[in-house]
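Below, read A as the first sequence line, B as the second, and so on, with proteins coming before strands; counting in each chain starts at 1. The analysis underlying the following values was restricted to heavy atoms, covering all of them including side chains, and did not include hydrogens, waters or symmetry mates.
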Number of protein chains: 2
Amino acid sequence: MAATTAAIAETDAPRRRRADRSLPTAGRIRRANVERLLDAAEAVFAEKGYGGATTAAIALRAGLPKANLHYYFRTKEQIYRAVLDRILGLWLAAFDPATAGDDPAAVLEAYIRAKIRLSREHPQASRVFAREILSGALHIRGYLVGDLRRWVERQSELMRGWIERGLMDPIDPVHLLFVIWAATQTYADFDAQIRAVTGKRAQSHEDYTRAADTVVQLVLKGCGVQR
Amino acid sequence: MAATTAAIAETDAPRRRRADRSLPTAGRIRRANVERLLDAAEAVFAEKGYGGATTAAIALRAGLPKANLHYYFRTKEQIYRAVLDRILGLWLAAFDPATAGDDPAAVLEAYIRAKIRLSREHPQASRVFAREILSGALHIRGYLVGDLRRWVERQSELMRGWIERGLMDPIDPVHLLFVIWAATQTYADFDAQIRAVTGKRAQSHEDYTRAADTVVQLVLKGCGVQR
DNA sequence: TAGCGTCCTGACCGGTTGGTCAATAATCGC
DNA sequence: GCGATTATTGACCAACCGGTCAGGACGCTA
């Protein structure tokens, strides 16, 4: 779950009377409020960015007084890290399924569709992640140079194997992954542009399906894997 | 140039003594300082976002006192709009060249390479643009539903013609454009992620060339146009 | 129902922010 | 070189922001 730093709100009691006292059962009220706050924070960070977000706005959106937010998360930075942690958990879960198997088309298609589903189901998470990278990815550098980099290397190895066996055109696997990430996340991150250009008020379920179809078609044929 | 609203700094004297007095020649000092401020603002907005940017930081980066910034741009909002205007001018200029012609491969390849060159030469502009869309694109909605939308419709018409004449696979032209935009801009916007994953300190000229090659290869073969 | 830990929150605070202003200096047209 | 415009800037201000705190409310367990 917690990829870089622990989500402090869940391990740190309000203000521990004694040095270390493990929370007994981490009360249900706490759990519920923390979740409401994280949801609200994700939405506000997605829309306004870290600098533009205010703890007051987050608390308001969560339906709690600002002081209550600061009871669970001591600082704005802390709730931001907790939001990022939750997002990385989501991302990692989506990465795992695609591993070995000698069917490039199936693996690539499944991965692309999973990523687009993520864009549709968690657009705000995607936007917070995008903003974090735009800001230099300081908070998630550990994840990027650790888990993610290893995942990319493994996946690249796999693809190079496919290429050697003639199952796939010679194409730079790393750049292929960058393109797939970009093409799938754009449906969450650049939603406003897509809506403006297409004249739709919102992307429908069919729009996402058509997007996935297009990306799958483009990538599979583009790197010459048989369906 | 000014796509949505006029860059006010260039038409609005310090505090006009009388209602409207057109600036005589818009002095060279003004022009130079405005440009320095826009450069600095673009960098700060790209790195920190609108909410995270401060007029003090922009002025500092431009090497001017904050009060001097507010002499040329009355509000933070105003300098932000001016930065966006400059970016849209850049974007529009890059859009134009690709028009008619019956060689899909040449048109697509030229467009992709032009977009990637833009990512390399103006990464900060790209990031400001990305952040604006993430924030809902409120300031550039006019551009998106106007110029850009018309451009997309024209380009889609062209592609549909190619498809009918069998020069290109049947593929949704609008989604194809979204994918091209995403795949090319990712090299500017997600630079931090790319550097972290590849372990490089900076993307080199060759990296960009390889990126362009990969995207071109993927798109051309992916939608079945002959090179 | 007593007692204790958890939860809640209005009021408050120092620092920062966007923006103003009046006084001064530089530049320009003539 | 002289008046008028344009440019410069330190000092200042009200609003807002993140964060604190004291003290009371609530919810468990025995």
Do any N or O atoms of the protein come closer than 3.5 Å to N or O atoms of nucleotides 13-20 of chain C, and which pairs are they?
from, atom 1, to, atom 2, distance (Å)
C:dG18, OP1, B:A53, O, 3.1
C:dG18, OP1, B:K76, NZ, 3.3
C:dG18, OP2, B:T55, N, 3.0
C:dG18, OP2, B:T55, OG1, 3.2
C:dG18, N7, B:K66, NZ, 3.0
C:dG19, OP2, B:K76, N, 2.5
C:dG19, N7, B:K66, NZ, 3.1
C:dG19, O6, B:K66, NZ, 2.6

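- Rounded to an integer number of Å, the gap from B:L64 CG to D:dG10 P is 11 Å.
- Whole-Å rounding puts the A:N68 CG to C:dC8 P distance at 5 Å.
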Restricting to nitrogen or oxygen on both sides, can you table the protein-nucleotides 25-29 of chain D pairs closer than 3.5 Å?
from, atom 1, to, atom 2, distance (Å)
D:dC28, OP1, A:R28, NH1, 2.5

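- In the helix from C:dT1-D:dA30 to C:dC30-D:dG1, the end axes, each obtained as the rotation axis mapping the C1' atoms of four pairs onto the next four within a five-pair block, lie 30° apart to the nearest 10 degrees.
- As a whole-Å value, the separation of A:L60 CG from C:dT9 P is 13 Å.
- The phosphate of D:dT8 (OP1 or OP2) has a side-chain N or O of B:Y72 nearer than 4.0 angstrom.
- Residue pairs meeting the side-chain hydrogen bond (donor to acceptor under 3.5 Å, both in side chains) criterion with at least one partner in residues 58-69 of chain A, sequence neighbours excluded, are absent.
- With rounding to the nearest 0.5 angstrom, the CD1 atom of A:I87 is 9.5 Å from the CD atom of A:Q124.
- In this structure, the CG atom of B:L69 is 14 Å from the P atom of D:dG10, given to the nearest Å.
- Test B:Y143, B:Y111, B:W91 against B:W151 for ring pair (Phe, Tyr, Trp, His ring centres under 6.0 Å) and you get one pass: B:Y111.
- To the nearest angstrom, P of D:dA7 lies 4 Å from OH of B:Y71.
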Please tabulate, for side-chain N and O atoms in residues 38-50 of chain A, each donor-acceptor pair with protein atoms closer than 3.5 Å (sequence neighbours left out).
from, atom 1, to, atom 2, distance (Å)
A:D39, OD1, A:R86, NH1, 3.0
A:D39, OD1, A:R86, NH2, 3.0
A:E42, OE1, A:R86, NH2, 3.3
A:Y50, OH, A:E77, N, 3.3

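- The main-chain N or O of A:S204 is found under 3.5 Å from a side-chain atom of A:D207 such that the two form a donor-acceptor pair.
- Atom CZ of residue A:R149 and atom OG1 of residue B:T198 lie 7.0 Å apart, to the nearest 0.5 angstrom.
- In terms of the side chain to side chain contact (heavy atoms under 4.5 Å, CB included) criterion, residue partners of B:H175 (sequence neighbours excluded) are, by chain and number, A:Y187, A:R210, A:A211, A:T214, B:D172, B:F178.
- Of the possible donor and acceptor atoms, none in the side chain of B:Q185 sits under 3.5 Å from a partner among the backbone N and O of B:S126.
- The number of heavy atoms from other shown groups lying within 6.0 Å of CD (B:E35) does not exceed 12.
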For this session: Decide side chain to side chain donor-acceptor pair (under 3.5 Å) for A:R131 and B:S135; before the verdict, give the C-alpha distance in whole Å, the side-chain angles of both, and the deciding distance to 0.1 Å.
Result: CA-CA 10 Å; A:R131 284 195 129 105; B:S135 299; 2.6 Å; yes
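- Between A:I79 atom CD1 and D:dG19 atom P there is a gap of 11 Å when expressed in whole angstrom units.
- Ring centers of A:W181 and A:F129: at least 6.0 Å apart, outside the cut-off.
- In terms of phosphate contacts, A:N33 brings no side-chain nitrogen or oxygen within less than 4.0 Å of OP1 or OP2 of C:dT6.
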